[in-house]
Amino acid sequence: MAETEHWLIILAPDQRNLGTCVVALKRDEKELSGLKDEEWEDLALVVKKLESTIRKAFNATLFNWGCLMNSSYLEDPPCPHLHWHFIPRYKNPIEFNGKTFYDPCFGKSTMYNRDPAVQLSPQFKREIKNHILKYLKL
């Protein structure tokens, strides 16, 4: 979807929370402690720009960021790659392109709704991506 010098921004396949993205480091790294100063600085820019973008695009209330590497260790051998889950949160339902999105976990300690993923067509996901890109200025 977009990138900076050190990070890739990818629209997440699951759009239960409209605008959810994955922000992945471009180089191979397994742990946060391995980030270089310039990667931290670039990540700070991504955080500011992505939060501002999603607030403008979809009127998100707040944002959760998670660096969750657990599933990488289900593989044998483990194959972790440093990435962040960016999850917009919505106090009120949000309508986009004729579909209403709800955030049943808003205000709760869990980041994820464990209900089945929202099924969207590839075209609908492209429309989400294009709408985000109208506001994303890196």
Nearest 0.5 angstrom please: [X] [atom1] to [Y] [atom2], how far?
{"X": "Cys67", "Y": "His85", "atom1": "SG", "atom2": "NE2", "answer": "8.0 Å"}
{"X": "Leu82", "Y": "Leu25", "atom1": "CG", "atom2": "CG", "answer": "5.5 Å"}
{"X": "Leu62", "Y": "Asn64", "atom1": "CG", "atom2": "CG", "answer": "6.0 Å"}
{"X": "Ile94", "Y": "Phe101", "atom1": "CD1", "atom2": "CZ", "answer": "9.0 Å"}
{"X": "Thr53", "Y": "Lys134", "atom1": "OG1", "atom2": "NZ", "answer": "12.5 Å"}
{"X": "Asp14", "Y": "Gln119", "atom1": "CG", "atom2": "CD", "answer": "8.5 Å"}

Could you pull out all residues at least two apart from [X] that satisfy side-chain hydrogen bond (donor to acceptor under 3.5 Å, both in side chains)?
{"X": "Glu51", "answer": "Trp65"}
{"X": "Arg126", "answer": "Gln123"}
{"X": "Asp103", "answer": "Asn17, Arg89"}

His131: which residues meet the ring pair (Phe, Tyr, Trp, His ring centres under 6.0 Å) condition with it, sequence neighbours left out? Phe58, Phe96, Tyr135
List the residues meeting salt bridge (Lys or Arg N to Asp or Glu O under 4.0 Å) with Glu3, not counting sequence neighbours, and say none if there are none. Lys26
Answer whether the closest heavy-atom distance between the side chains of [X] and [Y] falls below 4.5 Å.
{"X": "Pro88", "Y": "Thr20", "result": "yes"}
{"X": "Phe106", "Y": "Asn92", "result": "no"}
{"X": "Leu138", "Y": "Ile9", "result": "yes"}

Kindly give the heavy-atom pair with the smallest separation between Gln15 and Leu120, and that separation in Å. CB-CD1, 3.6 Å
Summary of ring pair (Phe, Tyr, Trp, His ring centres under 6.0 Å) pairs that have at least one residue in residues 10-36, sequence neighbours excluded: none
What verdict does the side-chain contact (heavy atoms from CB on, under 4.5 Å) test give for Leu32 and Trp40, after you've listed the backbone C-alpha separation in whole Å, the side-chain angles of each residue and the deciding distance to 0.1 Å? CA-CA 9 Å; Leu32 280 173; Trp40 279 112; 3.9 Å; yes
is_close_aromatic(Phe86, Phe63), centroid dist under 6.0 Å: yes
